[in-house]
Amino acid sequence: MSGGDVKLLPPFTEEWGQVYMNAINSSEGYAEAAESWRWPVALVVEAAPGEGITEPRAILLELEHGTCRSARAVSPGEAAEKADYVMEADIATWKEVMQGRLDPVVATMQGKVRLSKGSLMSLAPYMRAAQELVRCAGRVPTQLP
């Protein structure tokens, strides 16, 4: 790899989660928008064997008061157990969201991103924080189909 090459990381893996956590923690926009947020969130991508995702993957984000204390790869079962909010989508939808072509709030309202745990109503005051989280994900050099 030459000095200008950026290593693309497989999405929703441990290494991807660490880079994502750094992006979140360096975002002033997220820190401000999520100042009163204090619940763990999990992002789940469905299996897509044709895209190299042989089984579902999840990232558990320990979010508290505008910072990310940890971001780690977990099983979807552990994500559902430990997170207060679980958002699930296929890789094509996550790609659109991460690239800024699809707003996460709109995607959730359209059912493209499913809130499989947690209440959309309780998320309403944090829409800007959700958008900032997605912007942070977009800063992670991700290997997308």
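Computed from heavy atoms alone, side chains included, the values below leave out hydrogens, waters and symmetry copies. Numbering of residues begins at 1 and proceeds along the displayed sequence.
Heavy-atom neighbours of M109 CE from other residues, nucleotides or ligands within 6.0 Å: at or below the threshold of 12.
Checking each of E35, R135, E132 against Y30 for a side chain to side chain contact (heavy atoms under 4.5 Å, CB included) leaves exactly one that passes, namely E132.
A donor-acceptor pair under 3.5 Å links the side-chain atoms of K95 to the main chain of P145, judged by distance alone. Put simply, the side chain of E88 never gets that close to the backbone of V113: no donor and acceptor are under 3.5 Å apart. H65 places no side-chain N or O within 3.5 Å of a backbone atom of S36 that could act as its donor or acceptor partner. Within the 3.5 Å criterion, the main-chain N or O of I24 finds no donor-acceptor partner in the side chain of S27. With hydrogens and angles disregarded, a donor-acceptor distance shorter than 3.5 Å links the side chain of N25 to the backbone of C68. Not one N or O on the side chain of K112 forms a donor-acceptor pair closer than 3.5 Å with the backbone of A89. Side chain of T93 to main chain of I91: no donor-acceptor pair is present (N/O by atom type, distance under 3.5 Å, no hydrogens or angles). Put simply, the side chain of S119 gets close to the backbone of M121: a donor and an acceptor are under 3.5 Å apart.
Between V19 and T142, the closest side-chain pair of non-hydrogen atoms is not below 4.5 Å. Counting heavy atoms from C-beta outward, L115 and L123 have side chains that approach closer than 4.5 Å. Using a 4.5 Å heavy-atom threshold, the side chains of K82 and V74 count as separate. Taking the side chain as every heavy atom from C-beta outward, D84 and V41 never approach each other to under 4.5 Å. The closest side-chain heavy-atom distance from L43 to W94 is below 4.5 Å. Under the 4.5 Å side-chain criterion, counting only non-hydrogen atoms from C-beta, L102 is in contact with Q110. The closest side-chain heavy-atom distance from L120 to T108 is below 4.5 Å. Contact annotation: the side chain of P40 never approaches that of L61 to less than 4.5 Å [non-hydrogen atoms, C-beta and beyond].
Note that OG of S70 and CE of M21 are 7.0 Å apart. Values are rounded to the nearest 0.5 Å. To the nearest 0.5 Å, atoms CE (M98) and SG (C136) are separated by 12.5 Å. Taken from OG1 in T13 to CD1 in I53, the straight-line distance is 10.0 Å, to the nearest 0.5 Å.
No continuous path of ILVMFWY side-chain contacts below 4.5 Å connects W39 to L60, so the two sit in separate hydrophobic clusters. L144 and V44 are assigned to two separate hydrophobic clusters, defined by single-linkage of ILVMFWY side chains at heavy-atom distances under 4.5 Å.
When all heavy atoms of A23 and R139 are compared, the pair lying nearest together is O-NH1, 4.1 Å.
Using a 4.0 Å cut-off between charged nitrogen and carboxylate oxygen, E64 and R69 count as a salt-bridge pair. A salt bridge between E78 and R72 is present, with a side-chain N of the basic residue lying under 4.0 Å from a carboxylate O of the acidic one.
By the ring-ring contact (aromatic ring centres under 6.0 Å, His included) test, Y20 is found to be paired with W16, residues two or more places apart in sequence or in another chain being considered.
Taking the centre of each ring, W37 and Y85 come in below the 6.0 Å mark.
Within the structure, every pair that satisfies the side chain to side chain donor-acceptor pair (under 3.5 Å) test and touches residues 43-60, not counting sequence neighbours, is listed here: E46-R114.
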Exercise. What do the steps show when you test V97 against V134 for side-chain contact (heavy atoms from CB on, under 4.5 Å), and what is the final call?
Worked result: CA-CA 7 Å; V97 168; V134 169; 3.3 Å; yes
For this session: Please step through side-chain contact (heavy atoms from CB on, under 4.5 Å) for the pair R38 and L63, ending with a clear verdict.
Result: CA-CA 6 Å; R38 60 184 191 282; L63 303 169; over 6 Å; no
